[in-house]
Asks: 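Before I ask anything, let me first share the structure, which is written out below as C-alpha cells.
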Amino acid sequence: MEKLHKIKSSVFPVIAYRKFGNGPAIVLLHGFPEDGGLWAQIWDALAEQFTVIVPDLPGSGESTWNSENITIEQMAESVHEVMKQERIETAVIAGHSMGGYTAMAFAELYPECLQGLSLVHSLAGADTEEKKETRRKSIELIRKGGKEPFVKQMIPNLFAKDFKEEHPDVIKRQIERGLRLKPDNLVAFYNAMINRPDRTRILSGLGCPVQWIIGKEDNIASPENVLKQSKLAIVNFVSIYNGCGHMSMLEKPVSLSKDLRDFSKYCYRLNK
Ligand code: MLT
C-alpha cells in the first residue's frame, strides 16, 4: 500500500497525497467517483524520471472538506496547497475528466505554476444544458438513497465494449471504489461540475503545451467534442486510443504512461 502524506489548509481539514520519484514534477488528478489510487498503473513508470504527486481531491479517498458544497476552483486550490507544501514551483498537471476540469481551473488561477497541461478524457468547456439535466436527475436518485444503483449503472458506461466484457474484475473494483464515496460528496461533485464555467477561452492564452488524450469509445468526453478543442492551444499533443473508452489509465496504461512521459519531457525540454 502506498504511503499517504497528509496536510491541513485553511479550507480543507485533510488533503492526502502520494509522492513518488525525483525530478521535475507531474501532478496526476483523478476524476469522479474515484481517488488518487486510480493512477496506480501509471505512477511507477513516470517516477523513473519525475517527481509524481497524486492527490486525493477533497471529498475523495482520505481528503476531506468541511462545508456542504465544493467548487472545482477549491479543488484546484487544494492542488496548489500540495505543491506549496512540496515546494514545487511548476508542474505538468494531468487531469482525468473531473480532474481535467480541476486542471483547467488551476490553469486559470495559477498559470505561472503550469509547465504543461494534460487533459485525459476531459474538456475545457462547461456542461451542456442536457448534461446538467441528466446530472440533476442523478442527484435526485442519489438523494433518495440510490447511490448504489447510480454507481453500478454509471461505471460500466465508462469503458470500451470489449474491455468491459474481457475485464469484469476491473469494472467490479471501480464500482467498489465509487461506492466508497459518501452520497453527499457524490452530490457535491455533481453540483461542482454543473456550476463550472466554460474555460475554453483560456486555452489560446496558455503559455504551456496542452495534451489531449482521447478514447475512441469514450461516451463522456467524445472524440468529436475533444477534437474540436484540440487545436485551440498554441502547442497541442493529441493521442487517440482505439478500443478505449473514458479510462485509459486502466484500459491502456502502457500507452498512457508513454504519452504522459513524452509530453512531460517535451514540456521540461528533456532530451532523454
Ligand atoms: C469523470 O470521469 O470525472 C466524470 O465522468 C466526469 C463527468 O461526469 O463529466
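Order of appearance sets the numbers: ligands from 1, and atoms from 1 within every ligand.
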Asks: Would you find more than 12 non-hydrogen atoms of other residues, nucleotides or ligands less than 6.0 Å from Glu165 atom CD?
Replies: yes
Asks: Examine Trp65 together with Phe189 and report whether their ring centres are nearer than 6.0 Å.
Replies: yes
Asks: Which of these, Arg135, Arg136, Lys132, sits in a salt bridge (Lys or Arg N to Asp or Glu O under 4.0 Å) with Asp127?
Replies: Arg135
Asks: If you measure from each heavy atom of His121 to ligand 1, is any distance below 4.0 Å?
Replies: no
Asks: State the atoms of ligand 1, each with its element, that fall below the 4.0 Å cut-off from a heavy-atom position in Gly31.
Replies: 3 (O)
Asks: Would you kindly confirm whether Leu4 and Val27 end up in one hydrophobic cluster when ILVMFWY residues are joined by side chain heavy atoms under 4.5 Å apart?
Replies: no
Asks: If you take the centroid of each ring, where Trp contributes its six-membered ring, are Phe32 and Tyr101 closer together than 6.0 Å?
Replies: no
Asks: Give the single entry among Arg135, Met98, His96 that approaches atom 7 (C) of ligand 1 most closely by any heavy atom.
Replies: Arg135
Asks: Is the number of heavy atoms from other residues, nucleotides or ligands under 6.0 Å of Tyr266 OH greater than 12?
Replies: no
Asks: Against heavy atoms of His246, which atoms of ligand 1 measure under 4.0 Å?
Replies: 1 (C), 2 (O), 5 (O)
Asks: Please determine if Gly99 has a nitrogen or oxygen closer than 3.5 Å to a nitrogen or oxygen of ligand 1.
Replies: no
Asks: With the threshold set at 4.0 Å, does a side-chain nitrogen-carboxylate oxygen contact exist between Glu73 and Arg199?
Replies: yes
Asks: Is Ile220 close to ligand 1, meaning an N/O of one under 3.5 Å from an N/O of the other?
Replies: no
Asks: For the 3.5 Å polar cut-off, considering only N or O atoms, please tell me whether Tyr101 and ligand 1 meet it.
Replies: yes
Asks: Which residue holds the protein heavy atom closest to atom 4 (C) of ligand 1, what is that atom called, and what is the gap in Å?
Replies: Ser97 OG, 3.4 Å
Asks: Within ligand 1, which atoms have a heavy atom of Phe32 less than 4.0 Å away?
Replies: 1 (C), 2 (O), 3 (O), 4 (C)
Asks: Quick check: does Glu34 get an N/O under 3.5 Å from an N/O on ligand 1?
Replies: no
